[in-house]
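Notes to accompany the following structure.
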4 protein chains.
Amino acid sequence: MSCFQVRTDLALEARESITDADGELRGVRVEESRSEKSEVQITRVIIDTKNGAKAMGKPMGTYVTLEAPALIEPDEDYHREVSEELAKQLRRLIPEIEKEQSILVVGLGNRDVTADALGPEVVDNLFINRHVIKEYGKAAYGREKMHQVSSIVPGVTAMTGMETAEIVKGVVDQTKPDALIVVDALAARSTKRLNRTIQVSDAGIHPGSGVGNHRNAITKESLGVPVIAIGVPTVVDAATIVGDAIESMLQEYGESGHFFNREHPKAMSELNNMYVTSKDIDETVKRLSFTISEAINIALDIA
Amino acid sequence: MSCFQVRTDLALEARESITDADGELRGVRVEESRSEKSEVQITRVIIDTKNGAKAMGKPMGTYVTLEAPALIEPDEDYHREVSEELAKQLRRLIPEIEKEQSILVVGLGNRDVTADALGPEVVDNLFINRHVIKEYGKAAYGREKMHQVSSIVPGVTAMTGMETAEIVKGVVDQTKPDALIVVDALAARSTKRLNRTIQVSDAGIHPGSGVGNHRNAITKESLGVPVIAIGVPTVVDAATIVGDAIESMLQEYGESGHFFNREHPKAMSELNNMYVTSKDIDETVKRLSFTISEAINIALDIA
Amino acid sequence: MSCFQVRTDLALEARESITDADGELRGVRVEESRSEKSEVQITRVIIDTKNGAKAMGKPMGTYVTLEAPALIEPDEDYHREVSEELAKQLRRLIPEIEKEQSILVVGLGNRDVTADALGPEVVDNLFINRHVIKEYGKAAYGREKMHQVSSIVPGVTAMTGMETAEIVKGVVDQTKPDALIVVDALAARSTKRLNRTIQVSDAGIHPGSGVGNHRNAITKESLGVPVIAIGVPTVVDAATIVGDAIESMLQEYGESGHFFNREHPKAMSELNNMYVTSKDIDETVKRLSFTISEAINIALDIA
Amino acid sequence: MSCFQVRTDLALEARESITDADGELRGVRVEESRSEKSEVQITRVIIDTKNGAKAMGKPMGTYVTLEAPALIEPDEDYHREVSEELAKQLRRLIPEIEKEQSILVVGLGNRDVTADALGPEVVDNLFINRHVIKEYGKAAYGREKMHQVSSIVPGVTAMTGMETAEIVKGVVDQTKPDALIVVDALAARSTKRLNRTIQVSDAGIHPGSGVGNHRNAITKESLGVPVIAIGVPTVVDAATIVGDAIESMLQEYGESGHFFNREHPKAMSELNNMYVTSKDIDETVKRLSFTISEAINIALDIA
């Protein structure tokens, strides 16, 4: 067990840090599979009891992680094979996807902060049709069945003065979508997950997640409609990374961590407000946003 | 009277085109003044009857126009003297400004289209404090009285799939501000108004205004709270400008316009979807957005 | 003949305005063809005598115009079929393209002014390999024959304080490319050419061309290596468009233009520094830049 | 002495890591002072022998460091008091600044990578006058004496296919400035220097410095004119930060570092290509670039 705070938005990492010690965990089921075609490793973590949720520090729900090392390599454009895999997982989590649904896609985060701009950039690339269908019907697209897609970039509290959840609730109340897809940049615990891991979950978004501070819950409970969250870790807290490195070194050499522990606040105070990210983060966020927006377009069969 | 459609968001221009023929106009009062210090010409057009509104093609309300030729010249930063004049006019239009008010500033338009980005850029530069006051009280700013400011950039229908008015209504219902300030880029009829004229009005925003297509009303009637609109014309429709030039030439030479009129759709069809703007529009919108955001900060005494 | 100054960077338009009166023109040959597959109309204007150059107001050389109406419609990405047609024309103009060549691509214009950002954006999307081949050889790409590509965005004189030609000459002297490809946004005379016409020429770039003011020649004479210019008109001068509209109206009604002519400076003075552009210019420049950069990649067989 | 590679562009840090062990260092003089008004701590490190250069791992020259904690706090605009202090130091390093000089400012780095965009952004904000003086003389500014300023953003090798030094040499050969000011983002060793430390030096720029890979020297030796370098550290290598943390912990507990050392490549391999930066880096780079461009404007007395 770590002597540093576990700071991760990934259920996969939360589970790893627990089962290092415990092996099996009640109320948490894990299913692993691998798509040979897309070279994507898929892990489904299903938390189905309150105890499991407590142990994991995550709400009950299904958390699907797609690990795609290819994502960090430049592609002609955006790694379509990963988009298709993500689309498949997304369709499993959206209720009643076989019927016509009206989906509101929410791009969380701050478009002026590179590592936090994933949500807004995904929304910029989406195919949006709700307004056209409302005015001209599905005939405008020559279709008999078509999901409706709308989107919003609510901004961050420091710039709006409002909780993100207030804005989203207002929009949901007015436009009454059947479900939400919420996209956000995440923090991971380890750099080996950065930019190559996509998490999809039906548990919604909870306070304090993500790079910025997008507060208050955006969940089925708070909004009355299902909320599917898509996230990619783009940063690791600098303090976490240093802590983990020290931790792993201490374990290797049989040091006990407890007396070092008291010193850590001093040693790490200058890491406050610092994060670790990849040198090509600007380009990476652009590429990831295409991969995800295309996955949503494919999942909803609209483009 | 023009044989071309009057395409202007400026009450000042609407009135000019009418009173060319009529001189006086019932239900429309005009007050002119000039600030020597700031070299700003101020015209207040007050439409206070339905007949006046019909003649002007504008809803009843007060429309204040600030003409500031200095605005099109580069400044050290943003023409503070114009900000102060605009702040003064703004305070006259916000009801109960002497009490503490909660103000939601809405930046209309498309931040990815230069000439239409005025609203979003004004919001980016605002001082926002609602979230801080909600959490820590006015003491956080060492103040006993302080207006609360929040903001939203709702985006445009083509990108959100929703009417802007739906989004704004949702946010108003959730956060219950006392009044709205809505900022938008406008279309003028004449290039001589471009980028140097600011219109402030208590009549809100109505369908089809602005550069893009921000539909449905954002008004006191639709939202239940006062709506103050601030706009600056950044474009002129290309067809309008050609039409006006021809018109003015015909008048000079005593031609009657009516037989020419039939030909105009053919001659101008290739001007559809074209607009006239200044060559330095990118830089101009940046400067104007500072002038306006600073005016709002001054009017609300928050920065 | 026009009573207004002909303001066009397109040889096609220059020729049209002349041959309205003269029919045939000595020293200027015109070849027209059409690609059914890509629906691109191709016109080659070859100016091969000094008289022809004088009559056209353009230096001697070959000017190929691709008219592709499809370009103004949104595509999945960037209209690959136009890229391929452009690549073909480009290869005909680059000398000794069958041998290995070192090509410097120059993106003229101002990246902060939307309508003038075409050159810089094309360069951003290019495949660049000169530095890799210099260090690791063609083996790094598993190729036995490969052109070398480098690129520069010199900026505009108002921002650099230097003539663009000075910067380009300095870079050419240092890095000794075999040929230059220079990309620039152009001004057209008519809105019907905007954003859908690509001109490729072996005559280089001459003073006063383009949207901004990129002065001094960038030509084979000034640099010692062949200069292929690629341009797309993104704006029309506002005064030109109004002048042409009036002109065409006067002709329809048998008015003689000469007495009107004296009045035109007054009537149009407020159009100074204004241009006409399409409402979706931001998105259009992005799409066009992909079409052109891909054409260069295909022509040079590097990606 | 550290068992990890010293990775710093700051002479100040290089000296600290050496004199931890040695105390005094031959061939390296250090002068410290403090400006009470601006609250800036100034350290001049003068390396004046080859031995000193070897010990420091830096070329001979004067390295002035301004430490201004205020820089990391938001200001009304850009911390003018720091600009004035920097201007003063800059004037001491530019030879013959009392005569009229022609100065070329070079903005190194990649404008599309936030932490590396400092150089290009400084250049964007500069007052440029060389082209005006060349064409209209100093009279255009009503001045009898005026330095000439030009600027270039050469881009990075991965995007241009050329060494930055090749481009700069070409421009210098063509335009013959009297001196260069080169601005670049740096890497520090410690996060406590990030964004608040400005280094000015007359030693020019050397291979491998900075965030990106701007290769080959830009120095008086290579160009024939003096080169003043201005840099601000915006990142720390992630491996360095972890290494330093472990180092400091080992020292505290009396561990000897040598046996740990062998393990470090494995433990840190996943930190390759990662850096640590502040969460508000996007905003910080904007503010810093104003501080520096204003310092240059003041030093050269041109705005």
Side-chain angles (χ1 to χ4, degrees), chain A residues 72 74 110-117 158-159 187 190-195 211-213 235-253 255-257 259-261 263-264 266-286, chain D residues 72 110-117 158-159 187 190-195 211-213 235-253 255-257 259-264 266-286:
Chain A
I72 59 164
N110 186 343
R111 64 166 79 239
D112 295 330
V113 172
T114 309
D116 199 27
M159 297 188 72
S190 153
T191 57
K192 76 179 183 227
R193 309 262 186 231
L194 282 192
N195 306 328
V211 174
N213 204 0
V235 300
V236 179
D237 264 9
T240 303
I241 222 167
V242 170
D244 278 2
I246 290 176
E247 187 73 14
S248 107
M249 195 201 65
L250 292 175
Q251 286 178 358
E252 277 185 53
Y253 297 100
E255 279 291 322
S256 96
F259 75 98
F260 170 72
N261 197 17
E263 305 301 322
H264 125 243
K266 179 181 67 79
M268 292 196 191
S269 64
E270 73 175 60
L271 294 180
N272 275 346
N273 220 29
M274 296 283 153
Y275 60 64
V276 177
T277 191
S278 69
K279 286 184 183 165
D280 58 353
I281 182 69
D282 301 69
E283 193 188 330
T284 299
V285 165
K286 236 175 256 178
Chain D
I72 60 164
N110 186 343
R111 67 164 80 239
D112 295 330
V113 172
T114 308
D116 198 26
M159 297 188 72
S190 153
T191 58
K192 76 178 182 226
R193 308 261 186 234
L194 282 192
N195 306 328
V211 174
N213 203 0
V235 300
V236 179
D237 263 9
T240 303
I241 222 168
V242 170
D244 278 2
I246 290 175
E247 187 73 14
S248 106
M249 195 202 64
L250 292 176
Q251 286 177 358
E252 277 183 53
Y253 297 100
E255 278 290 321
S256 96
F259 75 98
F260 171 72
N261 197 18
R262 286 165 300 148
E263 306 300 324
H264 127 242
K266 178 181 68 80
M268 293 199 191
S269 64
E270 73 175 61
L271 294 181
N272 275 346
N273 220 30
M274 296 284 153
Y275 61 63
V276 177
T277 192
S278 69
K279 285 182 184 165
D280 58 355
I281 182 68
D282 301 70
E283 194 188 327
T284 299
V285 165
K286 237 176 257 177

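What you see is a predicted model, and the numbers here were worked out from it, not measured in a lab. Letters A, B, ... are given to chains in the order of the sequence lines, protein chains preceding strands, and every chain is numbered from 1. Note: hydrogens, waters and symmetry copies are ignored here, and every other heavy atom, side chains too, is used.
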Inset, instruction - Find out whether D:Val276 and A:Tyr275 are in side-chain contact, i.e. whether some heavy atom of one side chain is under 4.5 Å from a heavy atom of the other. - result: no

Inset, instruction - Report yes if some heavy atom in the side chain of A:Met274 is under 4.5 Å from a heavy atom in the side chain of D:Leu194; otherwise report no. - result: yes

Legend entry - Spacing of OG1 belonging to A:Thr191 relative to CG belonging to D:Asn273, to within rounding of 0.5 Å: 10.5 Å

Legend entry - Spacing of A:Glu283 atom CD and D:Asn110 atom CG [to the nearest 0.5 Å]: 9.0 Å

Legend entry - Pairing of A:Lys279 and D:Asp237 as salt bridge, 4.0 angstrom limit: yes

Legend entry - Passing option when A:Val113 is tested against D:Asp280, D:Thr114, D:Ile281, D:Asp282 for side chain to side chain contact (heavy atoms under 4.5 Å, CB included): D:Asp282

